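Just so we're clear, the structure is a prediction, and the values are computed from it rather than from any experiment. In what follows, chains carry the letters A, B, and so on, assigned in the order in which the sequence lines appear, proteins first and then strands, with residues in each chain numbered from 1. Quick note: numbers below take in every heavy atom, side chains included, and nothing from hydrogens, waters or symmetry partners.
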Amino acid sequence: MQYWLMKSEPETYSIDDLHLEQKTGWDGIRNYQARNLMRDQMQVGDQVLFYHSNAKPPGVAGLAVVSQTGLVDPSQFDSSSKYFDPKASLEAPRWIMVEITYKSSFSHFVPLPDLRQQKELEGLMVIQKGSRLSVQPVSQQHFETICQMGGARV
DNA sequence: GCCAACGTTGGC
DNA sequence: GCCAACGTTGGC
């Protein structure tokens, strides 16, 4: 089993939205590196840290689980969507997504400055300078440390 | 709102 | 295939 951190702007889609919906297709990823991780690496059952980006403060809000893989992102075909991709076709879809299912919301939101301060989290991708990738692999140790900081049972 | 970091595009 | 220009992300 692998561990991931997935970023979402809470004004667009927050952990509370996921809580209400229970599951969602992770659409709108338009970065090849992130897509390739979802397409090639993610497996059903993988654990996800739900990260709020562009928030005050940004940080990890809760947990989710990968519940389906290899789904075609429908927004690439929707000309009214900001994620529309004219180069994608039904025969050759370009953007692949996964579905994630809500697991829990942290009792203690873990803000980015706290992640930076934690010695055990040295090397965590999201605390590196200029770390823009919206789907990031996380080591099991880092995952467990962040769960503890958030007040979730590992 | 600023801007550093980084990805993508397109001319050559 | 290089790289300058441009666009986007996302912390601050």
Write down the distance between [atom1] ([X]) and [atom2] ([N]), rounded to a whole number of angstrom.
| X | N | atom1 | atom2 | answer |
| --- | --- | --- | --- | --- |
| A:Asp85 | B:dG7 | CG | P | 18 Å |
| A:Arg35 | B:dT8 | CZ | C1' | 14 Å |
| A:Met125 | C:dT9 | CE | P | 18 Å |

Any donor-acceptor N/O pair, A:Ser67 side chain to A:Glu99 backbone, under 3.5 Å: yes

query: So, A:His19 side chain and A:Lys103 main chain: donor-acceptor pair closer than 3.5 Å or not?
result: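 Here the side-chain-to-backbone pair does not exist.
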
- prompt: Are the aromatic rings of A:Trp95 and A:Phe84 close, with centres under 6.0 Å apart?
  reply: no

field: Sequence neighbours excluded, every pair satisfying ring pair (Phe, Tyr, Trp, His ring centres under 6.0 Å) that has a member inside residues 120-143 of chain A
entry: A:Tyr3-A:Phe143

Quick test: give all pairs of protein nitrogen or oxygen and nucleotides 10-12 of chain C nitrogen or oxygen below 3.5 Å, distance rounded to 0.1 Å.
{"unit_1": "C:dG10", "atom_1": "OP1", "unit_2": "A:Lys7", "atom_2": "NZ", "d": "3.0"}
{"unit_1": "C:dG10", "atom_1": "OP1", "unit_2": "A:Arg132", "atom_2": "O", "d": "2.7"}
{"unit_1": "C:dG11", "atom_1": "OP1", "unit_2": "A:Tyr51", "atom_2": "OH", "d": "2.8"}
{"unit_1": "C:dG11", "atom_1": "OP2", "unit_2": "A:Asn54", "atom_2": "N", "d": "2.9"}
{"unit_1": "C:dC12", "atom_1": "OP1", "unit_2": "A:Arg116", "atom_2": "NE", "d": "3.4"}
{"unit_1": "C:dC12", "atom_1": "OP1", "unit_2": "A:Arg116", "atom_2": "NH2", "d": "3.3"}

message: Return whichever of A:Lys129 or A:Arg30 has its heavy-atom-nearest nucleotide of DNA chain B closer to the 5' end.
response: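 The residue whose closest nucleotide sits nearer the 5' end is A:Lys129.
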
- prompt: Looking at residues at least two apart in the chain, or sitting in another chain, which of them share a ring-ring contact (aromatic ring centres under 6.0 Å, His included) with A:Phe109?
  reply: none

task: Please determine, by modelled atom types, if A:Tyr32 and A:Arg94 share a side-chain donor-acceptor pair under 3.5 angstrom.
output: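 There is such a pair between these side chains.
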
